[in-house]
Amino acid sequence: GPKDTIYRVSVALAHNDIVLTFEDQTASEQAGQMRRDFVANVSHELRTPLTALLGFIETLNGAAKDDPVARTRFLDIMAHEANRMRRLVDDLMSLTRVEEDERVRPREEVELGGLLASVLKGLEPQASAAGVTVRLDLVVPQETVPGDAGQLVQVFTNLVENAIKYGATGKEVTVSLLPRAMHARLRAEAVQITVTDKGEGIAEHHLARLTERFYRVDNHRSREVGGTGLGLAIVKHIINRHRGRLAIESQLEKGTTVSVFLPTAAVS
Ligand code: ADP
């Protein structure tokens, strides 16, 4: 099992003695396994749309060559598949970038009310296409935290996009900016931002794994709505870099609330 210790045993001869060395390999073995799983996942995720694209190219070159209706339809599907590949590559690049600078502390002064308003404005077309109303509830109108504005835009874009995608049945998404308060686990004062939807919800046994790369509750549905399975992994990394916390509460068929806690002063 994953909790077993893995040793590397090496044997050496010294002065007519046999020396056995045991080296604890547990961490590096697990890292190696994780890397292999990751590469396998990426390959699979890219290969699926690629196979579809090659199939359509072949059809367009053969059976559908002189059929303008089929041509238009196939080109639409091909654009859809190519977009899926692009989203995946974009997300992979974001993930790599956040992992790289996770140790560098962000220090810009970020005004959260304005940042949230601009995120919601950018997602308006997506929300109205899904028939969802997104409400912004600034309990405190002005709130500033040390952070990386670009990365925080990415965090809230991802969370609100998820609320729109998976919460569409509820028709209503609320983003709230709450007053600063002491956070016990962080042992620091933090601002809380919540993204609440009234959608399908998430069964409890999934909650702990949602921020794993490529983890999806329902593979098929997530793909349909255009998910890569990397969104929450990116969110988690960015929040870690800000020394903050992510909390997800959910009830099946009732909805989901995702909370982001961001320290108000640079903690070390
Ligand atoms: P994806 O790109 O597939 O949306 P994420 O990492 O953002 O990947 O989310 C992982 C999974 O968590 C999603 O596939 C979905 O099953 C589930 N999920 C995320 N947000 C919500 C939500 N607000 N309501 C229900 N399920 C959600």
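Quick note: numbers below take in every heavy atom, side chains included, and nothing from hydrogens, waters or symmetry partners. Whatever order the structure lists ligands and atoms in, that order sets their numbers, starting from 1.
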TODO: Could you tell me whether Arg97 and Glu100 make a salt bridge, using a distance below 4.0 angstrom between a side-chain N and a carboxylate O?
DONE: no
- [ ] Check whether the side chains of Thr228 and Glu45 place a donor and an acceptor atom closer than 3.5 Å, and report yes or no.
- [x] no
- [ ] Measure Lys165 to ligand 1 on non-hydrogen atoms and call it side chain, backbone, both or neither using the 4.0 Å cut-off.
- [x] side chain
Task: atom 12 (O) of ligand 1 - nearest protein heavy atom and its distance - done: Leu210 CD2, 3.4 Å
Open item on the list: For a 4.5 angstrom cut-off between non-hydrogen side-chain atoms, does Asp101 reach Arg241?
Closed with: yes
Task: Minimum-distance protein heavy atom relative to atom 8 (O) of ligand 1 - done: Gly229 CA, 3.2 Å
Task: Pair His237-Glu102, side-chain donor/acceptor within less than 3.5 Å - done: yes
Open item on the list: Measuring from atom CZ of Arg213 to atom CG of Asn41, what distance do you get when rounded to the nearest 0.5 angstrom?
Closed with: 9.5 Å
TODO: Could you find the nearest protein heavy atom to atom 7 (O) of ligand 1 and give me its residue, atom name and distance?
DONE: Asn162 ND2, 2.9 Å
Open item on the list: Only heavy atoms of Arg216, strictly under 4.0 Å: list the atoms of ligand 1 that pass.
Closed with: 3 (O), 14 (O)
- [ ] List the closest protein heavy-atom neighbour of atom 11 (C) of ligand 1: residue, atom name, distance to the nearest 0.1 Å.
- [x] Tyr215 O, 3.8 Å
- [ ] May I ask you to decide if the ring planes of Phe56 and Phe74 are parallel, tilted or perpendicular, using 30° and 60° as cut-offs?
- [x] tilted
Open item on the list: Below 4.0 Å, non-hydrogen atoms only: which portion of Val217 touches ligand 1? Side chain, backbone, both or neither.
Closed with: both
Task: Test item, Thr256 contacting ligand 1 (heavy atom, 4.0 angstrom) - done: yes
Open item on the list: Is it the case that the side chains of Thr174 and Asp137 hold a donor-acceptor pair, with the cut-off being a distance below 3.5 Å and no angle test?
Closed with: no
Task: Close-contact set for ligand 1 against Leu232 heavy atoms, below 4.0 Å - done: 5 (P), 6 (O), 7 (O), 9 (O)
TODO: Determine whether any heavy atom of Gly199 lies closer than 4.0 Å to an atom of ligand 1.
DONE: no
- [ ] Report the part of Asp197 (side chain from C-beta onward, or backbone N, CA, C, O) that has a heavy atom under 4.0 Å from ligand 1; answer both or neither where that applies.
- [x] side chain
TODO: Answer side chain, backbone, both or neither: which part of Ile202 comes under 4.0 Å from ligand 1, heavy atoms only.
DONE: side chain
Task: Closest protein heavy atom to atom 4 (O) of ligand 1, given as residue, atom name and distance to 0.1 Å - done: Tyr166 OH, 2.7 Å
Open item on the list: In this structure, would Leu178 and Leu112 fall into the same cluster of hydrophobic residues linked by side-chain contacts under 4.5 Å?
Closed with: no
